[in-house]
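Reckoned from all heavy atoms, side chains included, excluding hydrogens, waters and symmetry mates.
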Amino acid sequence: MTATNPAADPGARGDRPGRIMSGEMAEQPAVLRRILDEGAPRIRETAERIAARNPRFVLLTARGTSDNAALYAKYLLEIRLGRPCGLTSMSTTTAYQARQDLTDCLVIAVSQSGGSPDLVASTRAAREAGAVTLAVTNNPGSPLAEAAEFHIDVLAGPEKALPATKTYTAELLSLYLLVEGLRGGGDGAGEAKALPDLAESVLARREEVRQLAARYRFAERMVITSRGYGYPTAKEAALKLMETSYIPALSYSGADLLHGPLAMVDNVSPVIAIVPDGRGGQALQPVLDRLRDRGADLVVVGPERQVADASAGFVLPTQGVPEELQPVLEILPLQLLAYEVTIARGQDPDAPRALAKVTETR
């Protein structure tokens, strides 16, 4: 049975909390197929129009889950496109009214709703400052889409659960296709064609994740780490755990973890390591060795050879998947983990306390 079958997935039925988040997680393979079938040609056309403007550097603007997708795009833009890239501080524009010369700069604003006033204001200011502006949203009629010169619709469909799941993976794939289009070597859809089926296979392994959730339901703290393309996954996994289960989850680059925070690691609080199958995983290896030396309760999400040496883990089907596309798969078991831990703790992941679906910051 697959994760889309209500009989296999009690969370998809209406008799328990979390049914909306569960259903939206299960939609992700279909969303990925929709992007590849319908979105890829439009993304390539937009990328070609932007590439013709020959931007020298790129700035990314986002909040929350979309900020983690923007960080993923930063890795893509610097590694695949060879452009210097940074994440903006919107308050320099919205609070301090700073005015910058953004001639020859591409400013990409990433947002599910496209409704936050600071994103809209900073995008308008960037356009007035001479930047090429692009909005990447799940709402083509949003104020952000209207404020930017170009727009990409991530085609995820309405997302009702407060924790973003399908919009996150939709943003990742859309940003990957954008960068491949900017490179001019094709639209990238061919390299990504296996993702929907692989995502479906990962989401179908819910029972494995339930066992992890039972192991860690009483955790008082978690540390999540990775390197390279996996680092945005670590940040997004931490956000999902915090906003659904309320467990303090600290995310670090593996390199940063060694520069001090390693001192807090013990044999009680679990450490989740996202290990990419590629250079990022190789760079993370010394960190994994240090964690084992400290007796950490190490959970690995990654290739089978890495999971075999951990306390627990989840094997990802990464064979043949380019490292830059693996984050689309890496986050799926961690979304499920956040959901299952929350359910095990007697809480409702559909409605985290004190949160709203559209967060309006200024």
Side-chain angles (χ1 to χ4, degrees), residues 35 39-40 42-94 98-112 114 116 118-137 144-145 147-154 168 170-188 192 228-233 235-236 253 280 322-325 327-328:
I35 294 169
R42 302 175 202 168
I43 293 173
R44 181 176 182 177
E45 179 184 352
T46 300
E48 288 174 346
R49 293 174 65 190
I50 292 173
R53 306 275 284 275
N54 194 28
R56 293 184 298 108
F57 61 100
V58 185
L59 292 175
L60 291 147
T61 301
R63 296 283 191 202
T65 284
S66 293
D67 197 33
N68 299 326
L71 179 59
Y72 165 74
K74 183 178 188 295
Y75 278 90
L76 287 173
L77 288 158
E78 292 181 346
I79 297 169
R80 303 284 291 171
L81 192 62
R83 291 289 193 276
C85 185
L87 300 174
T88 65
S89 299
M90 280 174 275
S91 62
T92 60
T93 298
T94 60
R99 294 295 176 259
Q100 303 154 358
D101 181 0
L102 297 180
T103 305
D104 298 329
C105 176
L106 169 61
V107 172
I108 303 175
V110 188
S111 169
Q112 290 117 24
S116 186
D118 54 356
L119 283 163
V120 176
S122 60
T123 300
R124 284 178 179 153
R127 192 169 180 178
E128 291 170 0
V132 179
T133 53
L134 167 66
V136 179
T137 81
L144 183 61
E149 182 177 357
F150 298 99
H151 177 256
I152 287 174
D153 184 355
V154 302
Y168 178 68
E171 286 174 351
L172 295 186
L173 181 54
S174 297
L175 288 164
Y176 169 80
L177 295 175
L178 168 69
V179 174
E180 290 305 291
L182 292 172
R183 292 178 67 218
D187 61 9
Y229 288 112
Y231 178 42
T233 307
K235 291 178 69 65
E236 174 61 13
S253 156
E323 184 179 355
E324 58 268 20
L325 281 170
V328 178

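In this structure, A135 and A148 approach most closely via the heavy-atom pair N-CB, 3.6 Å. In terms of heavy-atom proximity, A47 sits nearest to L182 at O-CD2, 3.4 Å. Nearest approach of A62 to M90, heavy atoms of both residues: O-CE, 3.5 Å.
Distance check, rounded to the nearest 0.5 Å: CG of L144 to OG1 of T133 gives 9.0 Å. In this structure, T233 OG1 and N68 CG are separated by 9.0 Å, a value rounded to the nearest 0.5 Å. Taking OG of S253 as the reference point, atom NZ of K235 lies at 10.0 Å (rounded to 0.5 Å). Separation of atoms CD1 (I79) and CD (E324) is listed at 8.5 Å; rounding is to 0.5 Å. Residue E171 holds its CD atom at 12.5 Å from CG of L178, rounded to the nearest 0.5 Å. To the nearest 0.5 Å, atoms CG (L173) and CD1 (I35) are separated by 4.5 Å.
Taking the charged nitrogens against the carboxylate oxygens, D153 and R42 have no contact shorter than 4.0 Å, which rules out a salt bridge. The residues K74 and E78 are annotated as salt-bridged, a charged nitrogen and a carboxylate oxygen being separated by less than 4.0 angstrom. Salt bridge annotation for R53-E149: present, with a cationic side-chain nitrogen under 4.0 angstrom from a carboxylate oxygen.
Between the side chain of Y72 and the main chain of D67, no donor-acceptor pair closer than 3.5 Å is present. A side-chain donor-acceptor contact under 3.5 Å links R83 to the backbone of P55.
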Discussion item. As a quick check of understanding, evaluate side-chain contact (heavy atoms from CB on, under 4.5 Å) for S174 and I43, giving each step before the final call.
Written reply: CA-CA 7 Å; S174 297; I43 293 173; 4.1 Å; yes
Fill in: CA sep, side-chain torsions, deciding dist, call: L76, Y229, side-chain contact (heavy atoms from CB on, under 4.5 Å)
CA-CA 8 Å; L76 287 173; Y229 288 112; 3.8 Å; yes
Worksheet item: Which is it for L60 and C85 under the side-chain contact (heavy atoms from CB on, under 4.5 Å) test, yes or no, and what are the steps along the way?
Response: CA-CA 8 Å; L60 291 147; C85 185; 3.4 Å; yes
Item to complete: Given side-chain contact (heavy atoms from CB on, under 4.5 Å), test T93 with R99 step by step and report yes or no.
Response: CA-CA 7 Å; T93 298; R99 294 295 176 259; 3.9 Å; yes
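Looking at T137 and Q112, their side chains never bring a donor and an acceptor atom within 3.5 Å of each other.
Side-chain contact between L102 and R127 is absent, with no heavy atoms from C-beta onward closer than 4.5 Å. In this structure the side chain of L134 never reaches within 4.5 angstrom of the side chain of V107, judged on heavy atoms. By the 4.5 Å heavy-atom criterion applied to side chains, E180 and R44 are not counted as neighbours. Contact annotation: the side chain of T61 approaches that of L119 to within less than 4.5 Å [non-hydrogen atoms, C-beta and beyond]. By the 4.5 Å heavy-atom criterion applied to side chains, L175 and V136 are counted as neighbours. Looking at V58 and C105, their side chains never come closer than 4.5 Å, going by heavy atoms from C-beta outward. Two residues are said to be in side-chain contact when any heavy atoms from C-beta on lie closer than 4.5 Å; F57 and L106 fail this criterion.
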